[in-house]
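Report on one structure; see the data block that follows.
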Amino acid sequence: MELHPVRVHRSKDLLPREAQLAWKIAGVAADRVPVQKDVAEMIINRIIDNAAVAIAAINRGPVVSARMMALAHPRKGGATLFGLPVARTVSPEWAAWANGTAVRELDFHDTFLAADYSHPADNIPPVLAVAQTVGASGKDLIRGLATAYEIHIDLVKAICLHEHKVDHIAHLCPAAAAGIGTLLGLKQETIFQAVQQAVHVSITTRQSRKGEISSWKAFAPAHAGKLAVEAVDRAMRGEGAPNPIYEGEDSIIAWILAGRTVADREGREAVYGRDYYHVPLPAKGEPKRAILESYTKEHSAEYQAQALIDLARRMREKIEDFEAIERILIHTSHHTHTVIGTGANDPQKMDPKASRETLDHSIMYIFAVALQDGTWHHIESYTPRRASRPDTVRLWHKIETREDPEWTRRYHATDPREKAFGGRVQIFLKDGRVIEDEIAFADAHPLGARPFRREDYIRKFRTLTEGLISTREANRFLEAVQDLAAIPAGGLDALNVALPAGRLTLSPVRGIFDAPVRSAEPAAVRRVARKAEAKARTTTLKRARTAKSALTGKPAKMRPGRTTGRTVARRRKG
């Protein structure tokens with residue numbers, strides 16, 4: 001790996017593109033280095049994982065809305081939509097939108113955490129949608145996804161977005177654009193422009209994950225995927241992008257990320273002449289292996305909750321009476337404390353009427369339910385009835401989090417053996433006793449008690465899709481995806497998973513895209529056109545009658561028309 005320093009430059013410096021981060025990202029994408037076998041196998045695992053969580057969420061409200069929007073943009077030979085037959089295809093950017101929403105809705109797929117946060121499998125819907133549309137092969141898809149994961153994870157390692165209240169999809173969009181560039185075999189120049197466009201259009205705020213979290217949390221990465229497809233399309237047509245997008249005088253670093261912080265503290269002139277980030281990227285010819293550093297979820301909740309759910313299940317065995325608990329203190333990392341803990345200062349995280357999207361970002365709620373139930377379910381653990389149970393609310397409100405410097409250090413560790421997202425929990429009982437335990441890695445983590453293997457991904461798929469798809473369809477998909485490299489060009493629709501007829505929810509609510517097609521011409525222009533069309537029809541009829549008369553020798557019969565004043569005057573004169 002090579003570290004690339006990133007700093008802000010004045011416009012008059014004319015920073016050459018070879019020195020720009022976006023150009024270096026494009027170079028990685030254009031490098032046709034072979035994908036190693038273990039990387040290809042993990043890509044298959046994540047495609048299985050994505051299909052599992054997408055089908056499990058297939059009839060939830062946001063997914064239905066996204067699907068209906070996509071269906072309003074049909075395209076023959078386009079991309080497939082989860083749940084629908086392969087014959088029903090839409091434009092690729094809309095497939096990325098609908099399938100991306102389905103994948104993200106339950107917050108149940110893979111994760112990578114470092115300087116920032118990410119769900120790298122969010123890259124799969126846009127890259128797959130383009131692959132299906134252009135008739136790519138399984139090997140093409142593997143190459144594209146290896147790049148997308150690599151770029152996404154490398155950016156997350158180096159550039160912190162959340163510190164500056166920017167949502168993490170700003171790393172997803174350029175990664176997806178780079179992955180699509182690899183898939184299509186585009187030149188470095190084209191990918192360079194697409195990456196810059198993708199960065200520019202995907203800057204949004206973290207309010208999407210603050211306070212009352214809405215369905216936009218699922219739509220956000222899908223939107224980034226859609227934007228990535230569009231950015232690559234524009235670049236392929238020869239269109240340029242804001243440049244340099246990372247290092248420019250008015251760039252995102254200079255005015256939104258670390259440069260803005262420096263300017264606020266020391267003045268605008270202090271922004272120049274210092275390195276803000278060091279982004280690791282593979283050297284030319286070096287394999288893209290970043291996907292192996294990411295990890296998936298066994299439980300449908302924010303990733304920092306994974307280990308603590310496992311710890312709650314273990315600690316409940318030592319508790320005889322939950323009403324005997326006086327309070328619970330969770331010692332954990334800065335991120336867990338400030339994003340899903342009491343350090344977020346979000347009252348919604350303690351509200352029994354909060355949305356599902358909010359509850360899965362409340363470690364207080366999650367720990368309370370896991371402690372009481374000894375299990376976690378992607379549906380039952382979030383129902384309003386479960387969240388409002390009086391004994392759960394009482395326990396929930398006794399829980400608080402506290403940042404522990406050691407857990408923060410481990411969160412940011414670069415050594416995979418040290419990097420951990422767990423915590424230490426103290427349960428204080430009313431009789432003065434304290435039950436204490438800690439966990440570093442979730443059970444499903446590569447270093448956990450039960451690391452996820454291929455059979456675990458398959459079991460997760462079968463569990464989440466049971467009762468939604470047929471056994472035959474499940475077997476067909478699993479057979480196809482596990483032989484991904486052998487899928488020929490034009491055969492990637494085999495990766496779609498369809499529900500039986502009549503089992504897919506279609507929303508009756510209509511939006512702009514469902515409106516009937518209307519002429520864009522003004523009314524006056526339409527009237528002139530209608531008159532011209534009527535005159536042309538009349539002329540055609542007259543010519544036809546005249547031709548018939550010439551053939552038969554009989555006079556042409558004219559259709560009786562309206563008697564006008566001019567006709568009456570002629571008759572009187574005659």
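Please read all numbers here as calculations on a predicted model, not as lab measurements. Side chains are part of it too, since the values below use all heavy atoms of this structure and drop only hydrogens, waters and symmetry mates.
- Y277 places a side-chain N or O within 3.5 Å of a backbone atom of A258 that can act as its donor or acceptor partner.
- Side-chain atoms of Q193 and E189 include a donor-acceptor pair closer than 3.5 Å.
- Between H109 and H119, the ring centre distance stays below 6.0 Å.
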**OP:** Check the pair K419 / T414 against side chain to side chain contact (heavy atoms under 4.5 Å, CB included), numbers first and verdict last.
**Re:** CA-CA 6 Å; K419 193 177 188 65; T414 56; over 6 Å; no
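- R289 has no carboxylate O lying under 4.0 Å from a charged side-chain N of E150, or vice versa, which leaves the two without a salt bridge.
- D456 has no carboxylate O lying under 4.0 Å from a charged side-chain N of K460, or vice versa, which leaves the two without a salt bridge.
- Side chain of H299 to main chain of A301: no donor-acceptor pair is present (N/O by atom type, distance under 3.5 Å, no hydrogens or angles).
- A donor and an acceptor atom, one from each side chain of R46 and Y457, are located under 3.5 Å apart.
- R410 places no side-chain N or O within 3.5 Å of a backbone atom of G423 that could act as its donor or acceptor partner.
- Look at R462 and E466 and you find no salt bridge, because none of the NZ, NE, NH1 or NH2 atoms lies under 4.0 Å from a carboxylate O.
- Note that the CG atom of L468 and the CD1 atom of I58 stand 8.5 Å from one another [nearest 0.5 Å].
- Without hydrogens or angle criteria, E105 side chain to V63 main chain gives no donor-acceptor distance under 3.5 Å.
- A salt bridge links K217 to D107: one of the charged nitrogens lies within less than 4.0 Å of a carboxylate oxygen.
- Identified under the ring pair (Phe, Tyr, Trp, His ring centres under 6.0 Å) test for residues 482-501, with sequence neighbours left out: none.
- A ring-ring contact (aromatic ring centres under 6.0 Å, His included) with Y295 is found for one member of F441, F452, F421 and no other, namely F421.
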Original post:
Under the side chain to side chain contact (heavy atoms under 4.5 Å, CB included) criterion, do V64 and R67 qualify, and how do the steps go?
Top reply: CA-CA 5 Å; V64 174; R67 182 164 59 248; 3.6 Å; yes
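- Of the charged side-chain nitrogens involved, at least one lies within less than 4.0 Å of a carboxylate oxygen, so that D443 and R450 count as a salt-bridged pair.
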Original post:
Could you walk me through whether F513 and W94 pass the ring pair (Phe, Tyr, Trp, His ring centres under 6.0 Å) check?
Top reply: CA-CA 12 Å; F513 299 132; W94 286 101; 5.1 Å; yes
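- Atom NE2 of H378 has more than 12 neighbouring heavy atoms from other residues, nucleotides or ligands inside a 6.0 Å radius.
- R454 pairs by the salt bridge (Lys or Arg N to Asp or Glu O under 4.0 Å) definition with E41, not counting sequence neighbours.
- Taking the centre of each ring, F461 and F477 come in below the 6.0 Å mark.
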Original post:
After noting the C-alpha distance and the side-chain angles of R104 and N99, does the key distance pass the side chain to side chain donor-acceptor pair (under 3.5 Å) rule?
Top reply: CA-CA 9 Å; R104 193 67 180 84; N99 292 337; over 6 Å; no
**OP:** Evaluate the side chain to side chain contact (heavy atoms under 4.5 Å, CB included) criterion for residues L359 and I366: first the C-alpha distance (whole Å), next the side-chain angles of each, then the deciding distance (0.1 Å), finally the verdict.
**Re:** CA-CA 7 Å; L359 294 177; I366 292 168; over 6 Å; no
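- Taking a cutoff of 4.0 Å between a charged side-chain nitrogen and a carboxylate oxygen, E2 and K24 do not qualify as a salt bridge.
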Original post:
Checking side chain to side chain contact (heavy atoms under 4.5 Å, CB included) for the pair V279/K157: CA distance, chi angles, key distance, verdict?
Top reply: CA-CA 7 Å; V279 181; K157 286 179 179 178; over 6 Å; no
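- A cation-pi contact, defined as under 6.0 Å to the ring centre and within 45° of the axis, links R356 to Y382.
- The one candidate from D493, T80, T89 that meets the side chain to side chain donor-acceptor pair (under 3.5 Å) condition with Q132 is T80.
- Between the side chains of D122 and H152, no donor N or O sits under 3.5 Å from an acceptor N or O.
- T408 approaches T332 most closely through the heavy-atom pair OG1-O, 4.5 Å.
- Here D49 contributes atom CG and M42 contributes atom CE; the two are 10.0 Å apart, rounded to the nearest 0.5 Å.
- Salt-bridge check for D31 with R143: failed, with every basic side-chain N at 4.0 Å or more from each acidic carboxylate O.
- Donor-acceptor pairing under 3.5 Å is lacking for the side chains of H171 and D116.
- Taking CG of L227 as the start and OG1 of T204 as the end, the distance is 9.5 Å to the nearest 0.5 Å.
- The two residues L81 and N496 make their nearest non-hydrogen contact at O-OD1, 3.1 Å.
- No side-chain donor from either of T296 and D110 sits under 3.5 Å from a side-chain acceptor of the other.
- For the atom pair L308 CG and Y303 OH, the distance stands at 11.0 Å (nearest 0.5 Å).
- Between W97 and H223, the ring-plane angle classifies as perpendicular under the 30° and 60° cut-offs.
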